[in-house]
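First comes the structure, then the notes that go with it.
In this text, all values refer to a predicted model and were calculated from it rather than measured experimentally.
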Amino acid sequence: MDRKDETMNLDALKDLLSDVPDGGEFDLDSIIAEVEGLGTAEPKRPAAAMPEAPAAAPRPAEPARPAPQPVAPRQTAPRQAPRRAPEPAEDELPDLSAFEEEEIDPREERRAARAAKAAQKADRETARQARRAEKQAARMAEDDEDEAYGEEPPARAPRARAERMSKKEARAARLAAELDEEEDDIELRDPMQAQRALQRRAQGLNARSIIVLILAVLAAYLSLAPQFEALPLPIVLDAGQNPAIAIGALMLLQFIALFVGVDVFGLGFVSLFQGTPDRSTLVSVAILASLLHGASIIVFDNQAGVEIPYLAVSILMLYASMREERGRFAARARAYKAFSSAEQPMAVYSHYDREDDVCRALKGPLHQREDFLREMERPDTVDRFSMIYVPIALAASIIFALVASVGRGEPVRFFWAFSALLSVSAPLGLLCAFGASYKNVSRRLLGSGAALAGARQASLLRGTEEVVLSENDLFPAGSVSLEALQNMGRLGDDQILAYAAALTSAAGLEVGRVLSETLRERYGTAAQARNLQIVEGGVAGEIGGSRAVLGTAALMVQMGVRMRAGQDAGKCYAYLVVDNALAGVLTLRYQPTKHTYQAMRLMRRMHMSASLAVRDFNISPAMVESEFDLRRGFADQPDYDAVTLMLDPAYTQGDAPAAILTREGAGPFVQVLRCADKLAGAVRSCLTLGAFAGICGLLIVFYLVFQNAVTALPVMHLLLYLLLWYLPAFIITQQTH
């Protein structure tokens, strides 16, 4: 061995020893000098021999160097290699044996997530059951209290019940009471005869209203031409030169208009005498007042008031009333046509569920054909509004006219005041609030295979919160198909199809029809399922001597059936288990149709939520939201008992049908809801604007007549007032096309 190799590398030794904590017991420089033979260095004083000093004070031997902190001893910094972190002791090391032995299974995580979701659903169902039990107990307590009080309960009992009653329940009770009151006054008509009669009436009103419009234009020209020199007018017909002849010509035009629209004019007085005044009553009384005003101008000379009566305004009001009746008759004729074209139409109901305190729109069988006909003949929203507004407007017009005439000592002025007040009491927007919108909506619904009973029923559908959809609404016939079949080797392909078709057909699913047709195309033998059971996520039954279960992957996990990985998450699979062993996997394709996709997107724009009353275990809220590109939380699926209750025809027993459907699918159903929303909104807006314009017009005209402001109330000003207030109503009506 070479001498050089035997020589100790002192520098390396020094670096090695530099990592040792320096507690003051030895001096590294002295040791190195002693080994190299350079002499003996003075050793450091041991730490134990040093005098005690405060932590912040410097050492006595080295005044220039600060004293070390008592928390951690001073260490010598490394020269070449970085300092290694001290290794932890054996008792401080973590025990990794458990992590090495246990393997993380992603299926366990999914199982835990499903279990947590099921627990949350169970908690919600428990809370719902508790609320139902509480409401039932409250009702029973109220009944016991009423029985205890006997025939004369105290006044506080009804008040307490009204306070506990929700707004939706009170609305449902009010509607039921109104239906009971109107039941005796309704006379049913034959649908075919009513359709033909209403259609002829609408066509006749359409032609006659054009004649009345021409007469209104002529009357307006005769009334406005004397104020404009640019308009040519014979001197004979000039009201300033020959007032008697000019007013006589206007009255002649009014009589011709009355002859053309005598049915509408007479209907107003008939309704008034029967105690049910409507909007045509205001028109009829306004026409009579304008005729009396024109006659008073001819008879009484030099009377206060305008020189030209408001005959042009009254003829225009008659035209608006005729167009309203024409639109209403045409819409009702289309509704009767849709009803007559279907042998067994479906009905659309607005049902209030007391258990859940929610209003639902759903379709179901029409219990009796007379129910929809009765809703067609029932008084509508505008009729109820007219029975409140028309008496107030008539009474206000009479009182204001008396105050402005007799109260001022000029009784002859009554005819002018009464005619002017009635001319603005029925604005054109109020007269045309329903007919045009109903006609536009009925035309669209007839093309979609549906019909709406009226504006009142449209308001009922507009107040719903949830829309109940079945599997036939979401995926109608032809949209479900079998894409692939994976055999696990226990049974043949035909046997797998036969078992799956037997289970789904016995459950009444659309998939059963698809699988049965596929089995028939393969010339397979059909099977029969016994002791059928509907479980969450699938269906089970006995076929032959075997126990078969067809369901989703979640059901298979709950049953403990092992499945193969590598399946596409975007497809729908149905797993068939025979005698607790996986026999096959069916890949199903649910293809949304164009009309259904548009209907679901329309529901999204209307901000409606869907309640899936489906029995197909493959259809879930997540699947529907994914297939139709809807927002998360759009759809909700109740439990199996609630689905069975909603699909039961007795669920809507006692509810009045708001509309009918002659075609299947979600397209006509959602179209009815959309048209109902448009019609109810248009009628409400037009009635609100018309009532506001009528009330403001009455107050303004009363003030001007009371002040005898003749120059402020010519025919032109009243015409402009009516036309300006009709513009927003016309725009609202155009939105219903």
Note to self: Let's go through K363 and E664 carefully: what are the C-alpha distance in whole Å and the side-chain angles of both, what is the deciding distance for salt bridge (charged side-chain N to carboxylate O under 4.0 Å, His left out) to 0.1 Å, and is it a yes or a no?
What the structure shows: CA-CA 10 Å; K363 65 177 185 178; E664 291 288 342; 3.5 Å; yes
Exercise. For atom CZ of R530, decide whether the heavy atoms of other residues, nucleotides or ligands shown that lie under 6.0 angstrom number more than 12.
Key: yes
dist Q735:CD -> T733:OG1 (nearest 0.5 Å) comes out at 9.5 Å
Please indicate whether H595 has more than 12 foreign heavy atoms, meaning atoms of other residues, nucleotides or ligands, lying under 6.0 Å from its NE2. no
Tell me, do R360 and S350 make a side-chain contact under 4.5 Å, heavy atoms counted?
no
For T464 and H351, which I'm curious about, is there any donor-acceptor pair between the side chains at under 3.5 Å? no
ask   = Within a reach of under 6.0 Å around CG of N580, are more than 12 heavy atoms found that belong to other residues, nucleotides or ligands?
value = no
Looking only at side chains, do Y438 and D380 share a donor and an acceptor under 3.5 Å apart? no
CZ/R684: more than 12 non-hydrogen atoms of other groups inside 6.0 Å:
no
Rounded to the nearest 0.5 Å, the OH atom of Y590 sits from the CG atom of L474 at a distance of 11.0 Å
Donor-acceptor side-chain pairing of S470 and D473 below 3.5 angstrom: yes
*Going by heavy atoms in the side chains, are E510 and N472 under 4.5 Å from each other?*
yes
So does Q528 have more than 12 non-hydrogen atoms from other groups sitting under 6.0 Å from CD?
no
| Parallel, tilted or perpendicular: which describes the rings of F372 and F339, with under 30° parallel and over 60° perpendicular? | parallel
Using distance alone, with no hydrogens and no angle criterion, decide if S505 and S516 have a side-chain donor and acceptor under 3.5 Å apart.
yes
message = For K337, I'd like to know if atom NZ has over 12 heavy atoms of other residues, nucleotides or ligands within 6.0 Å.
response = no
Aromatic ring pairing Y575/Y573, orientation class (parallel under 30°, perpendicular over 60°, tilted between): tilted
Review point. Does a sphere of radius 6.0 Å around CD in E536 hold more than 12 heavy atoms from other residues, nucleotides or ligands, not counting ones at 6.0 Å or beyond?
Key: no
- Item | Non-hydrogen side-chain atoms of M600 and M603 separated by less than 4.5 Å | yes
Trace of the salt bridge (charged side-chain N to carboxylate O under 4.0 Å, His left out) decision for E377 with R332:
CA-CA 10 Å; E377 301 296 334; R332 295 184 64 190; 2.9 Å; yes
